[in-house]
There are 2 protein chains.
Amino acid sequence: MHLSHVAQMAWFGFLGHLDVAVVEVAGILPDGRLIPSSSVGNNKTWLDQADKIILEVNELQSAGLEGMHDIYYGTQLPPNRKPIPLTHPSDRIGEPYLRCDPAKVIAVVRTRQSDRNSVFAAPDAVSEQIAAHIIDFMSHEVKQGRLPANLLPLQSGVGNIANAVLAGLNKGPFENLTAYTEVLQDGMLDMVRSGKLSFASATALSLSPQATEDFNKNIDFYRERIVLRPQEISNHPELVRRMGVIAMNAMIEADLYGNVNSTHIMGSSIMNGIGGSGDFARNAYLSFFVTPSVAKDGAISCIVPMVSHVDHTEHDVEIIVTEQGLADLRGLAPTERAKLIVERCAHPSFRPQLQDYLDRAAKSSSGLHTPHLLNEALSWHSRFLETGKM
Amino acid sequence: MHLSHVAQMAWFGFLGHLDVAVVEVAGILPDGRLIPSSSVGNNKTWLDQADKIILEVNELQSAGLEGMHDIYYGTQLPPNRKPIPLTHPSDRIGEPYLRCDPAKVIAVVRTRQSDRNSVFAAPDAVSEQIAAHIIDFMSHEVKQGRLPANLLPLQSGVGNIANAVLAGLNKGPFENLTAYTEVLQDGMLDMVRSGKLSFASATALSLSPQATEDFNKNIDFYRERIVLRPQEISNHPELVRRMGVIAMNAMIEADLYGNVNSTHIMGSSIMNGIGGSGDFARNAYLSFFVTPSVAKDGAISCIVPMVSHVDHTEHDVEIIVTEQGLADLRGLAPTERAKLIVERCAHPSFRPQLQDYLDRAAKSSSGLHTPHLLNEALSWHSRFLETGKM
């Protein structure tokens with residue numbers, strides 16, 4: 001599910017009845033209000049919808065989190081919804097605490113459990129090249145007057161490649177940036193600390209142990225520059241589109257016409273959920289999808305004739321970037337997109353095969369909109385499953 | 001492209017420079033303002049962006065259109081965008097006229113050209129069954145308290161099946177309905193006339209010659225009950241989600257996991273653009289996709305192992321309906337979805353083959369999220385291309 005849909009599906013009653021919610025908090029005020037933890041997510045909704053609540057007070061969460069959150073309680077159900085009055089990443093439209101009916105609380109549990117803190121790989125040559133292509137492109141767009149000098153609010157997916165792109169931006173030419181993103185990771189915290197990023201809005205932190213330590217130590221600094229919101233606000237289509245977010249998300253593979261697979265290996269095996277990538281990509285001002293051009297030591301091309309699973313259709317993908325280059329797909333017809341993706345993004349060792357597929361597809365279905373050879377379109381994947389080679 | 005994206009892409013400068021725009025209008029006021037025609041579309045944007053303008057005054061358009069439009073001029077570019085102050089389909093937030101700089105007008109042309117008026121087929125047994133399943137489902141949702149008695153604003157795609165569903169609603173149990181849709185066709189005009197639909201918002205009319213005659217004759221009646229808006233407003237994600245639109249769109253085929261192909265026959269040949277179906281389906285309160293279970297006199301199943309083109313992913317498709325039945329996919333895991341789609345929506349003559357595919361896929365990739373046999377997934381399509389049979 002798109003993460004912006006989860007909370008409202010619960011309010012609509014589409015997900016059934018919620019009996020018990022277990023909610024992590026950083027603290028409980030004497031009057032019963034809750035200090036959210038470093039992950040707000042949909043806790044507002046679970047606290048509201050569940051019959052019974054178990055509060056998990058996590059003592060590893062910094063007491064300094066108090067005041068960093070902005071919990072918006074203005075959401076309604078259709079047909080009574082009103083505009084959400086948020087126009088910039090730093091706007092505050094709610095309250096710093098979660099409301100909770102004390103009568104529903106059946107237990108309060110103390111814990112000192114840390115997040116599943118993933119350590120990010122240091123940027124390597126491939127990810128640095130991807131970052132460089134993106135920065136070049138953005139610089140060009142600023143020159144052409146299609147982006148302000150301080151860009152527009154950034155969104156970044158989580159992962160090593162995304163982290164490396166942020167590291168690139170942290171050394172790049174842009175100043176006074178803002179972020180309106182789902183999850184704030186090490187690369188973005190670095191940008192806040194360096195001053196490149198003047199303000200960041202997110203729903204949760206996903207920091208390495210080292211970055212967590214820095215965050216907790218300097219929380220008074222970060223509290224002035226970071227706000228954490230409910231997920232339905234951090235990912236809301238209304239807000240992402242209004243602010244003109246620049247969306248940067250990693251992918252597993254892209255196909256010749258610009259469809260993107262973000263979630264399923266070889267069509268069947270889930271690697272991760274779609275998260276907020278659809279919320280951001282669909283409604284973004286600019287929508288980037290990034291990947292190294294090959295995987296498995298070069299045995300697999302990440303540019304394929306047809307993706308084995310579609311999360312983002314050709315209608316939602318504007319710019320594809322690999323270490324080989326960047327394909328700007330805006331305003332192009334499908335066959336123009338295919339040409340550019342092969343030329344700019346595919347690894348040279350797979351270009352001839354991709355071009356051959358394209359040529360034969362065009363010949364077999366001349367004049368059609370997205371020429372495909374359906375008996376071959378997924379053959380790269382099925383061959384890999386059989387032989388380990390594309 | 002999603003139609004809600006077209007105008008803003010032009011403003012952003014992503015589609016290049018616009019030299020000349022040819023804009024159809026119903027009339028020109030003495031002060032130079034324009035009475036829009038029965039199709040507003042993106043004319044506001046073309047008038048604003050083009051260097052030169054040719055106005056086509058269509059005398060077949062009713063003079064009574066004056067006052068039916070609501071042209072919103074509050075749109076801005078990021079980072080200066082504000083909430084769009086529209087909360088109900090009947091709200092008026094703009095002006096009844098298009099603004100136009102007279103200095104840019106290089107020609108005014110008179111015409112009496114009619115629309116390409118398509119005649120809709122009368123509802124047949126299949127489309128009546130589809131309509132009945134939808135009405136049953138909606139009645140159930142009202143009983144469960146998940147929909148108000150007068151539902152929520154309706155959106156309907158254009159075409160024979162969609163038209164038949166509207167004819168079903170016109171005979172159905174729901175009163176005082178509203179519509180927030182892209183294109184208003186015969187079926188919806190019937191509902192306005194009968195009083196079932198108390199108000200309809202759209203960007204354009206797409207009426208048969210007979211319905212056009214009725215519309216023009218009774219335009220004073222319709223002008224109180226219909227408003228025509230720019231396409232970026234009729235399809236705006238912010239507004240579709242806020243109002244909780246009920247989206248009903250036709251499709252070419254759906255697959256076992258709920259991915260939908262709306263646009264491309266056999267993966268290559270475009271039948272129609274995606275239009276606004278993505279704008280509505282993604283942001284809807286409820287998102288229906290409808291099709292007869294078979295095509296080509298039963299030679300083709302419209303439920304297939306894997307769609308040959310994806311326009312709406314599993315994340316955006318909630319309810320699939322054929323004449324066989326309705327599959328409510330909300331909250332279901334992929335393999336649960338597949339089971340329900342085969343049982344409820346597939347034609348009985350294809351159910352065993354679909355079930356066989358599912359069984360073998362599950363066996364071959366046991367425990368995976370969306371089990372597929374990639375060397376067979378598109379074989380139904382490629383076999384049809386070779387033999388004319390699935």
Side-chain angles (χ1 to χ4, degrees), chain A residues 1-2 5 9 12-16 77-79 81-85 87-88 144-146 148 152-153 236-238 241-244 259 264 266-270 274 278 282-283 285 306 308-313 315-316 330-331 361 365 368-372 374-375 377-379 381-382 385, chain B residues 1-2 5 9 12-16 77-79 81-85 87-88 144-146 148 152-153 236-238 241-244 259 264 266-270 274 278 282-283 285 306 308-313 315-316 330-331 361 365 368-372 374-375 377-379 381-382 385:
Chain A
M1 287 175 64
H2 302 294
H5 289 188
M9 291 261 181
F12 295 167
F14 293 177
L15 303 179
L77 294 190
R81 280 181 169 165
K82 302 273 176 275
I84 299 170
T87 57
H88 295 96
Q144 297 296 315
R146 288 191 292 258
L152 285 164
H236 204 297
E238 171 175 342
R241 175 152 163 159
R242 180 180 301 151
M243 287 187 270
N259 300 285
H264 285 71
M266 298 290 156
S268 299
S269 172
I270 195 166
I274 191 171
R282 169 74 63 91
N283 299 293
Y285 184 89
M306 181 184 270
S308 59
H309 184 93
V310 178
D311 294 287
H312 308 289
T313 74
H315 315 288
D316 297 315
R330 292 175 296 173
S365 49
L368 297 186
H369 194 244
T370 53
H372 264 304
L374 291 185
N375 56 353
L378 297 171
S379 65
H381 300 86
S382 43
L385 288 171
Chain B
M1 286 174 63
H2 302 294
H5 289 188
M9 291 260 181
F12 295 166
F14 292 177
L15 304 179
L77 294 189
R81 280 182 169 164
K82 301 274 175 273
I84 298 170
T87 56
H88 295 95
Q144 297 296 316
R146 288 191 292 259
L152 285 164
H236 204 297
E238 171 175 342
R241 176 152 163 158
R242 180 181 300 151
M243 288 187 270
N259 300 284
H264 284 71
M266 298 289 156
S268 298
S269 173
I270 195 166
I274 191 171
R282 168 75 63 90
N283 299 292
Y285 184 89
M306 180 184 270
S308 60
H309 184 93
V310 178
D311 294 287
H312 308 288
T313 73
H315 315 289
D316 296 316
R330 293 175 296 174
S365 49
L368 296 187
H369 194 244
T370 53
H372 264 304
L374 290 186
N375 57 352
L378 297 172
S379 65
H381 299 85
S382 44
L385 287 172

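Naming convention: chains lettered A, B, ... in sequence-line order (proteins, then strands); numbering from 1 in each chain.
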Only counting residues at least two apart or in another chain, list the ones meeting side chain to side chain donor-acceptor pair (under 3.5 Å) with Arg81(B). Gln8(B)
Can you tell which of Pro79(A), Pro83(A), Gly331(A) has the highest number of heavy-atom pairs within less than 4.5 Å of chain B? Pro83(A)
Is it the backbone or the side chain of Met243(B) that comes under 4.5 Å from a heavy atom of chain A, or both, or neither? backbone
Flag the pair His5(B) / His315(A) as yes when at least one side-chain heavy-atom distance between them is below 4.5 Å, and no otherwise. no
As an exercise: rank Ser382(A), Pro148(A), Pro78(A) by heavy-atom pairs under 4.5 Å with chain B and give me the winner. Pro78(A)
When only pairs under 4.5 Å are counted, which of Ile274(A), Leu15(A), Asn375(A) shares the most heavy-atom pairs with chain B? Ile274(A)
For the pair Glu238(B) and Arg242(A), find out whether any cationic side-chain nitrogen is under 4.0 Å from an anionic carboxylate oxygen. yes
Sort Ser269(B) into side chain, backbone, both or neither according to what part of it lies under 4.5 angstrom from a heavy atom of chain A. both
Closest heavy-atom pair, Val310(B) versus Thr313(A), reported as atoms and distance to 0.1 Å, is O-CG2, 3.4 Å
Looking at residues at least two apart in the chain, or sitting in another chain, which of them share a side chain to side chain donor-acceptor pair (under 3.5 Å) with His312(A)? Ser262(A), Ser277(A)
So, the part of Ser308(A) with a heavy atom under 4.5 Å from chain B: the answer is both
Using non-hydrogen atoms and a 4.5 Å limit, figure out which bit of Leu152(B) sits close to chain A: side chain, backbone, both or neither. side chain
Which bit of Ala361(B) is near chain A, if near means a heavy-atom gap under 4.5 Å: side chain, backbone, both or neither? neither
Checked Pro153(B), Ala377(B), Ser268(B) vs chain A; the most non-hydrogen pairs under 4.5 Å come from Ser268(B)
Which atoms of Ile84(B) come close to chain A, meaning under 4.5 Å heavy atom to heavy atom: side chain ones, backbone ones, both, or neither? backbone
Measure His372(B) against the heavy atoms of chain A and call it side chain, backbone, both or neither at under 4.5 Å. both
Quick one: do Leu368(A) and Met266(B) satisfy side-chain contact (heavy atoms from CB on, under 4.5 Å)? Show the steps, please. CA-CA 11 Å; Leu368(A) 297 186; Met266(B) 298 289 156; over 6 Å; no
Say you draw a straight line from CZ of Arg241(B) to CZ of Arg241(A); how long is it, rounded to the nearest 0.5 Å? 14.0 Å
Find the one option among Lys82(A), Met9(A), Met1(A) whose heavy-atom pairs under 4.5 Å with chain B are most numerous. Lys82(A)
Do Arg282(A) side-chain atoms and Gly278(B) backbone N/O form a donor-acceptor pair below 3.5 Å? yes
Leu374(A) to His381(B) - nearest heavy-atom pair and separation: CD1-CB, 3.4 Å
Aromatic plane relationship, Phe12(B) with Tyr285(A) - under 30° parallel, 30 to 60° tilted, over 60° perpendicular: tilted
In this structure, OG1 of Thr370(B) is separated from NE2 of His264(A) (nearest 0.5 Å) by 3.5 Å
Given a strict heavy-atom distance threshold of 4.5 Å, which part of Pro371(B) is in contact with chain A: side chain, backbone, both, or neither? backbone
Based on non-hydrogen pairs under 4.5 Å, which of Pro85(A), Gly145(A), Gly267(A) is most in contact with chain B? Gly267(A)
Separation of Leu77(A) CG from Arg146(B) CZ (nearest 0.5 Å): 13.0 Å
